[in-house]
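To start, the structure itself, in structure tokens.
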Amino acid sequence: MRIRSWKLRLGLVVSTTLLGAGALAPIASAAPAAPAVQQAQVLAQHGSGNGSGPLGKIFGGSGSGSGAGGVKIGHGSVRVGDNVCAGRCNGTVNGTNGSGGGICAGLCNGSANGGDGTTGPVGGNGTDGGKGGVCAGVCHGSANGGNGGNGGDAPPGGDGGDGGRGGNGGICVGVGCESSGLGGRGGDGGDG
């Protein structure tokens with residue numbers, strides 16, 4: 001079989017590399033955290049003041065060492081906060097309430113999708129769906145934009161709100177990209 005698509009070739013190389021890394025993640029979880037990871041966590045917690053700088057956002061730096069952005073190794077994957085996952089990451093790093101999808105590398109089926117928008121209040125507009133994230137590896141149904149939220153119902157004598165826009169699709173490289181990176185659908189208008 002001859003492979004002519006450069007995207008497919010690149011996807012296969014990335015997938016193979018990351019699957020190998022995912023297979024080694026359980027071994028890594030038995031070992032103590034690497035000094036570089038520990039140092040990055042210390043920098044995130046102390047080097048960026050309150051942890052709100054770029055390192056704090058990636059490695060979780062609320063200063064307490066427990067924020068949502070910590071590095072977690074286990075279950076065949078390595079996760080950095082709620083936005084980055086490598087290894088066995090099916091159904092992870094998806095956005096919520098209109099936020100964008102994260103970055104997934106490895107086994108990512110159903111991952112890195114933008115969050116759906118929320119329904120508008122009475123007479124209000126629905127919020128927009130989140131932008132799809134990035135998937136590299138096995139990506140069936142990943143990196144899609146979130147659906148727009150529905151418009152709120154009409155108040156007495158008024159009009160219903162507009163539905164939110166669907167989020168743009170993200171970037172997909174690898175296997176299963178024909179069902180990935182799609183834009184979300186717009187939300188329905190509110191009943192009136």
Side-chain angles (χ1 to χ4, degrees), residues 5 7-8 10-12 14-15 18-19 22 52 54 56-58 60 67-70 72 75-192:
S5 168
K7 287 182 181 179
L8 182 59
L10 177 62
L12 289 173
V14 170
S15 299
L18 294 171
L19 289 176
S52 62
K57 289 179 182 173
I58 294 173
K72 297 176 188 161
H75 305 292
S77 67
V78 177
R79 292 192 59 173
V80 181
D82 295 329
N83 296 321
V84 179
C85 185
R88 292 186 194 138
C89 302
N90 293 330
T92 60
V93 297
N94 291 312
T96 57
N97 297 329
S99 65
I103 299 170
C104 183
L107 293 173
C108 299
N109 297 317
S111 299
N113 293 310
D116 291 341
T118 57
T119 298
V122 173
N125 298 333
T127 61
D128 294 344
K131 185 179 189 302
V134 177
C135 179
V138 180
C139 300
H140 300 282
S142 299
N144 296 316
N147 296 323
N150 295 328
D153 292 338
D159 295 325
D162 295 331
R165 291 190 45 207
N168 294 329
I171 298 170
C172 182
V173 179
V175 177
C177 289
E178 65 279 356
S179 65
S180 300
L182 307 173
R185 72 166 191 82
D188 298 328
D191 291 334

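If you're wondering where the values come from, they're calculated on a predicted model, not measured in any experiment.
A distance-only check finds no donor-acceptor pair linking the side chain of T119 to the backbone of G126 [under 3.5 Å]. Put simply, the side chain of S77 never gets that close to the backbone of A86: no donor and acceptor are under 3.5 Å apart. Side chain of N97 to main chain of G115: no donor-acceptor pair is present (N/O by atom type, distance under 3.5 Å, no hydrogens or angles). The main-chain N or O of C139 is found under 3.5 Å from a side-chain atom of S180 such that the two form a donor-acceptor pair. N144 places a side-chain N or O within donor-acceptor distance of the main-chain N or O of G181, the cut-off being under 3.5 Å. A donor-acceptor pair is defined here as one N or O able to donate and one able to accept, closer than 3.5 Å; such a pair exists between the side chain of S179 and the backbone of G141. S142 places a side-chain N or O within 3.5 Å of a backbone atom of C108 that can act as its donor or acceptor partner.
In plain terms, the two heavy atoms of H75 and R88 that are nearest each other are O-CB, 4.1 Å. Pairing each heavy atom of T92 with each of C89, the nearest pair is OG1-O, 2.6 Å.
In this structure, CG in L107 is found 9.5 Å from SG in C135, a value given to the nearest 0.5 Å.
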### Task
May I have the step-by-step check of side chain to side chain contact (heavy atoms under 4.5 Å, CB included) for N109 and V138, ending in yes or no?
CA-CA 6 Å; N109 297 317; V138 180; 3.6 Å; yes
Output a table of donor-acceptor pairs, distance under 3.5 Å, between side-chain atoms of residues 162-174 and any protein atom two or more places apart or on a different chain; print 'none' if there are none.
none

Name each donor-acceptor pair under 3.5 Å that joins a side chain in residues 145-154 to protein atoms two or more places apart or in another chain, with its distance.
unit_1: N147; atom_1: OD1; unit_2: R185; atom_2: N; d: 2.9
unit_1: N150; atom_1: OD1; unit_2: D188; atom_2: N; d: 2.8
unit_1: D153; atom_1: OD1; unit_2: D191; atom_2: N; d: 3.4

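If you check the side chains of T118 and T127, you find a donor sitting under 3.5 Å from an acceptor.
Within the structure, salt bridge (charged side-chain N to carboxylate O under 4.0 Å, His left out) pairs that include any residue of residues 116-135 do not occur (at least two apart or interchain).
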